[in-house]
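Quick notes on the structure that follows.
Computation of the quantities below employed the complete heavy-atom set of this structure, encompassing side-chain atoms and omitting hydrogens, waters and symmetry-equivalent molecules.
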Amino acid sequence: MVAIPDHESIHETLADHAKYFGASSRQRAKMVARELANRLHSSLSEAKTMGRSTLKQVGVRLAKRTSRELIKLADKIEQKALAVERKR
């Protein structure tokens, strides 16, 4: 899981940075809002990537299990067919 710094720490870091460069309160607020939006977007993108990866893993497991079940079913059908042939 992605660790996102809390709102206060982001605000303080950006505010300190903005004060150093002489930004106004309005500019600092815009910087904080922009940074929060960027971090949220990054977190959503990472979550989307992790979700896709998880779906692929589940799909692979499901395919393997289905394949094994189909092999078992094919074996049963073959055994029944051989039994029918023997009775003739």
Side-chain angles (χ1 to χ4, degrees):
M1 179 146 188
V2 178
I4 300 174
D6 64 354
H7 174 72
E8 291 300 319
S9 66
I10 292 171
H11 177 71
E12 289 171 8
T13 303
L14 291 174
D16 292 341
H17 178 72
K19 283 180 186 176
Y20 179 75
F21 287 104
S24 69
S25 295
R26 186 175 183 183
Q27 289 171 322
R28 287 194 301 266
K30 283 183 180 181
M31 286 177 62
V32 169
R34 190 176 303 124
E35 181 63 20
L36 287 173
N38 287 340
R39 288 178 186 245
L40 179 60
H41 178 72
S42 294
S43 296
L44 291 173
S45 295
E46 290 173 11
K48 186 177 177 182
T49 300
M50 287 191 303
R52 284 183 180 160
S53 175
T54 301
L55 281 176
K56 285 181 184 177
Q57 291 173 2
V58 169
V60 167
R61 284 190 221 136
L62 180 60
K64 286 180 180 179
R65 183 173 181 180
T66 302
S67 176
R68 286 191 297 265
E69 293 298 319
L70 287 173
I71 290 169
K72 289 177 186 177
L73 184 59
D75 287 341
K76 287 180 183 179
I77 292 170
E78 185 177 3
Q79 289 172 5
K80 288 183 180 185
L82 290 173
V84 168
E85 282 181 5
R86 281 188 223 131
K87 288 183 179 180
R88 287 185 187 179

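- Listed by first and then second residue, the salt bridge (charged side-chain N to carboxylate O under 4.0 Å, His left out) pairs that reach into residues 50-63 come to none, sequence neighbours excluded.
- For residues 72-85, the salt bridge (charged side-chain N to carboxylate O under 4.0 Å, His left out) pairs, not counting sequence neighbours, are Glu69-Lys72.
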_Asn38 vs Glu35, side-chain contact (heavy atoms from CB on, under 4.5 Å): CA-CA, chis, key distance, verdict_ = CA-CA 5 Å; Asn38 287 340; Glu35 181 63 20; 4.3 Å; yes

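- No donor-acceptor pair closer than 3.5 Å links the side chain of Ser53 to the backbone N or O of Thr49.
- Atom CZ of Arg39 and atom OG of Ser43 lie 8.5 Å apart (nearest 0.5 Å).
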*asked:* Using side-chain contact (heavy atoms from CB on, under 4.5 Å), reason through Leu70 and Thr66 one step at a time and then give a plain yes or no.
replied: CA-CA 6 Å; Leu70 287 173; Thr66 302; 4.1 Å; yes

